[in-house]
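See structure below.
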2 protein chains.
Amino acid sequence: MPAPLLSLDEVIARLMSVIRREGYDGASLAELSKATGLGRSSLYHYFPDGKDQMVVAVLDHLEATMKANVFAPLRSDAPPLERLQGMTAALDKFYGSGQEACLLASLGVGDASKQFHPRLRQLFSAWIVAISEPLRVAGIPRGTAQARAEKALMLIEGALLLARAMGEPALFVRTLRDLPAELLRR
Amino acid sequence: MPAPLLSLDEVIARLMSVIRREGYDGASLAELSKATGLGRSSLYHYFPDGKDQMVVAVLDHLEATMKANVFAPLRSDAPPLERLQGMTAALDKFYGSGQEACLLASLGVGDASKQFHPRLRQLFSAWIVAISEPLRVAGIPRGTAQARAEKALMLIEGALLLARAMGEPALFVRTLRDLPAELLRR
DNA sequence: GTCTATAATAGGATAGAC
DNA sequence: GTCTATCCTATTATAGAC
């Protein structure tokens with residue numbers, strides 16, 4: 001066989017798809033292998049340290065995706081409301097309108113959470129900072145802006161959890177829709 | 001050895017402790033055995049169908065606990081604000097002031113979620129109904145009351161997730177503290 | 001009811017051919 | 001780079017003594 005069918009980035013995207021759905025413990029090498037179309041040994045060729053290294057690669061991939069699609073609109077030069085709407089549009093897409101799990105939430109379950117805790121913490125932190133910026137621009141004091149940004153993440157993560165548990169993705173979509181205005185209210 | 005050291009209820013409580021922390025896939029029989037002080041075979045004596053049956057027992061136990069500690073205050077004859085404060089006080093205790101994971105959230109990760117989905121859905125549904133009641137008593141229209149109850153669960157679950165991921169339990173405690181007044185605002 | 005012992009299987013990881 | 005074959009360990013589950 002010639003060149004690989006999938007680029008490394010596509011491979012990592014497929015690993016992420018399995019891991020966000022199954023969690024660390026539930027994501028078996030068999031499933032990871034099937035999802036990527038690579039045999040177990042091929043996976044070990046790309047990730048010599050095994051599953052842990054795959055998760056690190058997936059977290060790197062998530063960080064890049066977040067920066068490009070979620071943080072970037074928040075840091076544009078558009079008005080605050082539009083920046084926040086840019087974020088919610090990206091989130092709606094990334095979470096399949098409430099049907100796909102959050103990788104950070106899935107990795108927060110089990111022993112894996114201990115290992116990747118610093119990384120999860122850093123990603124959430126950066127996200128809070130990024131949301132705070134348009135609120136600051138809108139004249140909201142620093143402390144209030146941070147508290148609202150934290151609340152935004154609670155609502156996003158909570159809405160996703162509830163939407164998936166209830167089988168009602170609309171709960172997530174509706175929460176995203178109302179979020180920008182709620183964050184900017186006086 | 002004579003009578004068992006732990007009552008069945010205590011055994012189930014310890015099973016819950018492991019499962020909420022590790023999730024379905026991460027909760028091995030070895031850990032379950034260690035946490036309960038029962039050998040593997042003793043666990044199979046109580047739960048012949050293995051881990052699945054243990055989870056069902058844990059969900060039954062959670063349902064009973066929720067009814068007794070969370071739903072009951074919501075249905076008391078106290079004023080709405082006090083009812084909601086009764087719930088948040090129970091939640092603060094149950095979730096160790098933001099340090100213990102939510103069983104429903106942990107079971108929502110992985111293939112297990114498919115199996116227990118109806119049960120998770122039912123528990124969240126009952127919770128939403130229970131929170132709606134004091135809001136209705138306070139004169140909030142039915143539709144608004146349900147939407148706010150759903151939002152309450154998003155905030156509770158999201159705050160717990162974020163508090164644990166960030167290593168800042170205070171995020172959870174603060175969210176609980178502000179919740180009753182926010183749910184009743186005009 | 002609890003234990004030891006033991007299947008039987010799935011999981012993560014490696015070796016080496018091609 | 002990818003494959004087949006294999007190893008080792010952990011895991012679920014059962015059998016049977018006490």
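Protein chains get the first letters and strands the later ones, always in sequence-line order, with residue 1 at the start of each. Just the heavy atoms: all of them, side chains too, but no hydrogens, waters or symmetry mates, feed the values below.
- When rounded to the nearest whole Å, the span between NE2 of B/His45 and C1' of C/dG1 equals 5 Å.
- With rounding to whole Å, A/Asp52 atom CG is found 12 Å from C/dA13 atom C1'.
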Stepwise, does the side chain to side chain contact (heavy atoms under 4.5 Å, CB included) test hold for A/Leu104 with A/Leu59? CA-CA 9 Å; A/Leu104 301 176; A/Leu59 282 168; 4.2 Å; yes
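- If you measure from atom CG of B/Leu8 to atom P of C/dG1, you get 10 Å, rounded to the nearest angstrom.
- Taking a 4.5 Å side-chain heavy-atom cut-off between Ile, Leu, Val, Met, Phe, Trp and Tyr, the cluster of A/Val109 extends to B/Val109.
- When the P atom of D/dT11 is taken as reference, atom CG of B/Leu43 falls 14 Å away, rounded to whole Å.
- Residues from residues 11-34 of chain A placing a heavy atom under 4.0 Å of any atom in DNA chain D do not occur.
- Take B/Asp60 and apply the salt bridge (charged side-chain N to carboxylate O under 4.0 Å, His left out) test, not counting sequence neighbours, and it matches B/Arg119.
- Salt bridge status for A/Glu31 with A/Arg21: present, with a side-chain N to carboxylate O gap under 4.0 Å.
- Between A/Phe47 atom CZ and D/dT2 atom C1' the separation is 15 Å, expressed in whole Å.
- The residues B/Arg121 and A/Glu168 are annotated as not salt-bridged, no charged nitrogen and carboxylate oxygen being separated by less than 4.0 angstrom.
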List every contact pair, protein side and nucleotides 14-18 of chain D side both N or O, where the distance is under 3.5 Å.
residue, atom, partner, partner atom, Å
D/dT14, O4, B/Ser41, OG, 3.2
D/dA15, N6, B/Ser41, OG, 2.8

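- With sequence neighbours left out, A/Tyr95 forms a ring-ring contact (aromatic ring centres under 6.0 Å, His included) with A/Phe172.
- A salt bridge links B/Glu182 and A/Lys151; the closest N-O separation between the charged side-chain nitrogens and carboxylate oxygens is under 4.0 Å.
- Rounded to whole angstrom, the span from the NZ atom of B/Lys51 across to the C1' atom of D/dT12 amounts to 8 Å.
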Run the side-chain donor-acceptor check on residues 9-16 of chain B: report pairs under 3.5 Å with partners two or more places apart or on a different chain.
residue, atom, partner, partner atom, Å
B/Glu10, OE1, B/Ser7, N, 2.9
B/Glu10, OE1, B/Ser7, OG, 3.1
B/Arg14, NH1, B/Ala35, O, 3.3

